[in-house]
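In what follows, chains carry the letters A, B, and so on, assigned in the order in which the sequence lines appear, proteins first and then strands, with residues in each chain numbered from 1.
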Number of protein chains: 2
Amino acid sequence: MKTSSIPRNAVYRLSLYRHCLQQFHEGGIQTISSDALAEAAGVKPTQLRKDLNYFGQFGTRGRGYNVEELLRAATEVLGTNRLQPVVLVGVGNLGSALMAYQGFARAGFQILAGFDVEWQERQKHRQFTQLILSLDELATFCRKNKVKLSILTVPASAAQEAAEQLVKAGIRAILNFTPTVLRLPKSVTVNNVNLAIELENLSYFGR
Amino acid sequence: MKTSSIPRNAVYRLSLYRHCLQQFHEGGIQTISSDALAEAAGVKPTQLRKDLNYFGQFGTRGRGYNVEELLRAATEVLGTNRLQPVVLVGVGNLGSALMAYQGFARAGFQILAGFDVEWQERQKHRQFTQLILSLDELATFCRKNKVKLSILTVPASAAQEAAEQLVKAGIRAILNFTPTVLRLPKSVTVNNVNLAIELENLSYFGR
DNA sequence: TAGATTGTTAATCGATTAACAATC
DNA sequence: TAGATTGTTAATCGATTAACAATC
């Protein structure tokens with residue numbers, strides 16, 4: 001399992017496979033071929049097999065894959081075998097929605113708290129169960145709760161500075177919803193989700 | 001400008017360049033080199049030049065690019081030179097947040113209305129200005145307002161059916177937030193934004 | 001054993017980067 | 001003209017796919 005040299009897209013697709021496997025598992029299916037799983041995930045069977053082989057050898061020739069086994073293996077590889085703590089910085093519209101979003105919990109993530117410069121004001125109107133704290137408490141909180149993952153939903157103008165605070169707090173990976181290209185140490189992983197760009201992209205192709 | 005054969009990633013990056021150009025433009029900068037623009041967008045200069053050349057020839061050798069001109073050209077190519085109408089289906093937590101999200105307007109998009117099976121209930125608690133309508137009105141509404149773009153934020157179980165309704169309503173492109181692999185005619189463009197997968201991905205790399 | 005299906009190599013395809021001639 | 005910087009070709013790199021031997 002060479003952590004490097006595994007294409008990022010392969011890891012991404014592993015999540016996709018995991019999701020499909022979960023469905024098959026819930027449906028009571030015990031064994032599945034690369035053909036059927038690939039079909040469900042919307043990829044070519046040969047790509048599925050290649051992807052899986054980056055992480056190990058899970059199938060039985062002539063038989064296929066044991067759903068439960070492969071599901072467990074994928075979950076293990078992705079590190080979501082236990083509930084993972086997450087912090088969110090920037091509790092505006094989008095941030096609030098993500099705090100309340102049930103899809104994260106289903107995937108094994110738990111947003112422990114939100115952080116915001118106007119935390120007192122935000123606290124009053126919050127529509128979810130978690131607390132909103134001051135950014136001053138970020139570092140202490142993350143250390144205490146061993147948080148390595150974060151979601152960044154501040155305004156673009158505050159993004160770089162907030163990101164640096166996250167890094168100082170020991171955060172290893174940031175899901176960045178701001179349209180800012182973050183400049184951070186290479187040791188920190190950043191995944192950008194730029195909603196405006198996604199729409200622009202659709203605008204181009206949707207004609 | 002061969003619409004096909006242009007890599008999807010090149011289009012995606014064009015949006016990125018556009019965003020940077022907008023910033024430079026607002027900052028009063030008139031001319032920019034591929035080096036400086038690439039630096040701002042976080043790509044290699046040679047990639048920037050290659051990308052731009054898919055769409056035409058915009059620079060002056062020895063000089064660089066005229067910011068305003070290139071900005072206008074990129075906007076034109078992406079089709080956001082005028083405000084583009086969008087509909088959203090599934091006005092839950094995430095859907096509501098996106099209805100209120102200001103970033104779309106800034107990028108030239110306007111969500112005209114939300115659609116939901118429980119539209120009457122949703123209508124009462126809504127936190128934004130647009131109307132929430134019944135799915136029965138979707139097709140008529142889209143035709144009347146010439147809507148080609150849509151955002152899909154329904155529960156996974158309702159995704160495929162809702163997507164098909166969108167297609168029937170004449171929608172050409174869907175920004176899909178559900179973890180469902182949509183099966184639609186090839187003529188319809190689908191961009192998937194899978195938040196759970198993004199987090200899983202971070203979980204893998206953030207260690 | 002025969003049929004099925006994986007794991008893996010080799011071929012293909014596409015995207016990124018380096019290099020440089022064109023030209024302002 | 002000399003210096004700068006684009007546009008574009010060719011080389012590299014990486015990812016996808018086809019093919020098939022291994023093996024259940």
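- In terms of modelled atom types and a separation under 3.5 Å, the side chain of N176(A) and the main chain of T178(A) share a donor-acceptor contact.
- Scanning residues 31-49 of chain B for heavy-atom distances under 4.0 Å to DNA chain D yields S33(B), S34(B), R49(B).
- No side-chain donor-acceptor contact under 3.5 Å links Q22(A) and E26(A).
- One atom, OH of Y54(B), and another, P of dG14(C), lie 11 Å apart when rounded to the nearest Å.
- Taking atom CG of residue N9(B) and atom C1' of nucleotide dG14(D), one finds them 13 Å apart after rounding to whole Å.
- Side-chain atoms of N145(B) come within 3.5 Å of backbone atoms of F141(B) as a donor-acceptor pair (strictly under, hydrogens ignored).
- Of all nucleotides listed (dA15(C), dT16(D), dC24(D)), dA15(C) comes nearest to the side chain of P7(B).
- If you check every strand for non-hydrogen atoms under 4.0 Å, R8(A) touches nothing.
- Rounded to whole Å, the distance from CD1 on I6(A) to P on dG14(D) is 15 Å.
- Within a 6.0 Å sphere centred on CZ of R82(B), heavy atoms belonging to other residues, nucleotides or ligands number 12 at most.
- For the pairing with L166(B), the side-chain contact (heavy atoms from CB on, under 4.5 Å) check across L182(B), V87(B), I151(B) returns one residue only, V87(B).
- Taking 4.0 Å as the cut-off between side-chain N and carboxylate O, R183(B) and E39(A) count as a salt-bridged pair.
- Note: OH (Y12(A)) to C1' (dG14(D)) measures 20 Å, nearest angstrom.
- Figure legend: R8(A) and Y204(B) shown without cation-pi pairing, the cationic atom not lying both under 6.0 angstrom from the six-membered ring centre and within 45 degrees of its axis.
- Taking the side chain of N53(B) as heavy atoms from C-beta on, and the options dT8(D), dA15(D), dT5(C), the nearest nucleotide is dT8(D).
- Side-chain polar atoms of E200(A) and T80(B) form no donor-acceptor pair below 3.5 angstrom.
- Among the nucleotides dG7(D), dA10(D), dG7(C), the one closest to any side-chain atom of Y65(A) is dG7(C).
- What separates CG of L70(A) from P of dT5(C) is a distance of 16 Å, to the nearest Å.
- For the pair K50(A) NZ and dA19(D) P, the computed distance is 16 Å after rounding to whole Å.
- Counting to the nearest Å, the C1' atom of dA22(D) and the CD atom of Q57(A) are 11 Å from each other.
- When distances run from any side-chain atom of R61(B) to the nucleotides dT5(D), dT9(D), dT5(C), the shortest one goes to dT5(D).
- Counting only Watson-Crick and G-U wobble pairs whose two key distances fall under 3.5 Å, DNA chain C forms stems of three or more stacked pairs at C:3-24 with D:3-24.
- A donor-acceptor pair shorter than 3.5 Å cannot be found between the side chains of D35(A) and S33(A).
- Checking dC24(C), dT16(C), dT8(C) against every side-chain atom of T60(B), the shortest atom distance belongs to dC24(C).
- Judged by distance alone, with hydrogens and angles left aside, the side-chain atoms of H25(A) form no donor-acceptor pair with the main-chain N or O of V67(A) at under 3.5 Å.
- Summary of the strand contacts: D51(A) and G56(B) both lie near DNA chain D, and taking for each the nucleotide with the nearest heavy atom, the more 5' one is attributed to G56(B).
- The CG atom of L52(B) sits 14 Å away from the P atom of dT16(C) (whole-angstrom rounding).
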